[in-house]
Amino acid sequence: MFDLTAEIYHDADKAREHLEAIHWPHGPFCPHCGNANPERITKLAGKSTRPGVYKCNECRLPFSVTVGTVFERSKIGLHKWVLASHLYASSKKGMSAHQLHRMLGVTYKTAWFMAHRIREAMKEDVKSSGPLGGEGKIVEADETYFGPKDTIKKRTIRGKPANSSKRSIVALVERGGSVRSFHVERATKASVRDVLVRNADRKSTLMTDESNFYPITGLEFADHATVKHTGGEYVRYEADRIVHTNTIENVFSVFKRGMVGVYQHCGEAHLHRYLAEFDFRYNRRAALKVSDAERAADLLRMARDKRLTYRRVGETSYA
């Protein structure tokens with residue numbers, strides 16, 4: 001259970017020890033040269049040295065547990081970073097920068113940048129985790145549209161942005177497993193196929209709605225089943241399986257409720273980071289027996305080997 005009075009949320013030294021226990025379970029190692037020999041690493045304890053600094057006797061460079069993480073070179077107390085990470089890891093529909101600014105006692109600009117650094121840490125390494133699905137497994141795929149693009153080129157007869165002028169999102173979810181969501185410049189047969197073949201095992205059974213994005217690509221998978229939403233069909237029971245896309249629709253539902261109810265405003269350049277945030281929490285949801293504390297520890301662990309400078313925050317990223 002989340003204990004707001006815990007020392008790691010109020011004492012920078014305790015927060016650093018908590019982070020060291022997560023990143024250095026077998027003792028400190030040098031992020032510059034990879035040296036992990038305890039006899040060749042010295043903890044600096046001079047009066048002018050800030051707490052938690054070590055020196056590597058191999059490359060002769062100083063380091064701390066935050067070097068090589070999204071927390072590096074931050075002037076914000078590490079206890080505030082640990083608290084913010086827990087809040088984002090445990091809030092199902094997210095937490096606005098304004099709420100973070102009020103709870104941590106930092107400026108709104110600082111809270112906004114902290115939130116984006118935390119989302120950068122939440123980004124999954126899809127290359128190391130491999131494709132979704134596999135033999136005998138089901139992968140659901142769907143696309144959705146959220147908010148207008150920065151430049152609206154086409155509108156409907158009612159004056160609203162047409163789908164081609166909205167931000168396109170393509171997502172895949174392994175039933176009972178993980179989700180991957182991508183912001184694509186435009187949802188087309190080619191862009192949807194690219195996401196599918198790069199992220200789903202071809203031995204999987206693909207389940208989609210009746211969109212014309214999927215029939216040809218579906219032939220590349222072990223099987224392809226569809227439900228006809230336009231005909232009022234949402235679930236079809238067959239002898240050995242249940243055909244539906246309700247899992248991915250649920251993912252989109254939580255994402256949109258969070259974006260509309262909590263975040264309210266999201267620039268197109270930042271959409272991929274919000275998707276990473278919601279994917280992170282879904283992939284460690286309570287249904288998979290992952291607690292808030294375990295999810296927060298995972299977030300702090302994933303902060304390594306990732307950096308995000310203020311200049312890079314506004315860079316748009318497509319799948």
Side-chain angles (χ1 to χ4, degrees), residues 1-31 36 38 41 43-46 49-55 62-124 262 273 276-278 280-281 283-286 288-308:
M1 183 175 289
F2 178 41
D3 180 9
L4 191 57
T5 64
E7 289 184 314
I8 59 172
Y9 304 130
H10 301 277
D11 187 318
D13 291 333
K14 295 295 182 182
R16 186 179 62 257
E17 290 173 7
H18 177 65
L19 204 60
E20 288 178 350
I22 291 174
H23 285 271
W24 297 340
H26 306 296
F29 69 87
C30 176
I41 294 177
K43 186 172 184 179
L44 303 182
T49 305
R50 38 191 188 85
V53 177
Y54 295 77
K55 183 176 181 180
F63 65 91
S64 70
V65 71
T66 61
V67 172
T69 71
V70 296
F71 314 128
E72 185 175 352
R73 296 187 178 183
S74 172
K75 295 181 180 178
I76 303 161
L78 200 51
H79 58 293
K80 293 188 177 183
W81 277 112
V82 172
L83 175 56
S85 297
H86 192 112
L87 293 171
Y88 271 86
S90 58
S91 302
K92 184 174 182 178
K93 295 181 179 67
M95 173 170 287
S96 70
H98 269 296
Q99 183 65 26
L100 194 65
H101 135 73
R102 288 190 290 267
M103 293 185 72
L104 298 187
V106 297
T107 65
Y108 169 70
K109 184 177 179 180
T110 295
W112 182 86
F113 188 33
M114 287 179 74
H116 277 295
R117 280 191 174 184
I118 290 170
R119 292 186 189 103
E120 183 71 11
M122 287 174 158
K123 189 165 58 177
E124 308 274 6
V262 176
R273 291 199 176 90
E277 175 189 346
F278 282 87
F280 171 88
R281 283 193 294 264
N283 294 343
R284 294 159 183 80
R285 57 195 181 277
L288 296 179
K289 309 300 181 185
V290 180
S291 67
D292 287 350
E294 291 170 330
R295 198 178 306 115
D298 250 6
L299 171 52
L300 293 174
R301 192 176 296 111
M302 289 170 62
R304 183 154 297 282
D305 298 325
K306 295 173 183 174
R307 289 296 311 281
L308 182 65

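With respect to the salt-bridge test (charged N to carboxylate O, under 4.0 angstrom), the residues R273 and E277 do not qualify. Ionic pairing of D298 and R301 is present here: one or more N-O contacts between side-chain nitrogen and carboxylate oxygen are shorter than 4.0 angstrom.
For N283 against L288, the heavy-atom pair with the smallest separation is O-CD1, 3.6 Å. Considering all non-hydrogen atoms of both residues, W24 and S64 come closest at CH2-C, 3.9 Å. Heavy atoms only, all atoms of each residue included: P51 and R16 are closest at CB-NH2, 3.4 Å. Closest approach of V67 to P31, counting heavy atoms only: CG1-CG, 3.6 Å. Of all the heavy atoms in P28 and F63, the pair that sits closest is CB-CE1, 4.4 Å.
Every residue two or more places apart in sequence or in another chain that forms a side chain to side chain contact (heavy atoms under 4.5 Å, CB included) with T107 is listed here: K109, T110. Taking the side chain to side chain donor-acceptor pair (under 3.5 Å) definition, one finds that E294 meets it with S291, sequence neighbours left out. Take E17 and apply the side chain to side chain donor-acceptor pair (under 3.5 Å) test, not counting sequence neighbours, and it matches no residue.
Interatomic distance, CZ of R117 versus OG of S74, reported as 5.5 Å (0.5 Å rounding). Between the OH atom in Y88 and the CZ atom in R295 there is a gap of 15.5 Å [rounded to 0.5 Å]. Interatomic distance, H101 NE2 to H98 NE2, rounded to the nearest 0.5 Å: 6.5 Å.
For H23 (side chain) and L300 (main-chain N/O), a donor-acceptor pair under 3.5 Å exists by modelled atom type. In this structure a side-chain-to-backbone donor-acceptor pair under 3.5 Å is present from S85 to W81.
No more than 12 heavy-atom neighbours from other residues, nucleotides or ligands sit within 6.0 angstrom of NZ on K14.
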- [ ] Take M302 and E124, measure what side-chain contact (heavy atoms from CB on, under 4.5 Å) needs, and give me the verdict at the end.
- [x] CA-CA 8 Å; M302 289 170 62; E124 308 274 6; 3.9 Å; yes

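Each of K123, R119, H116, E72 was checked for a side-chain contact (heavy atoms from CB on, under 4.5 Å) with L308, and the lone residue meeting it is H116.
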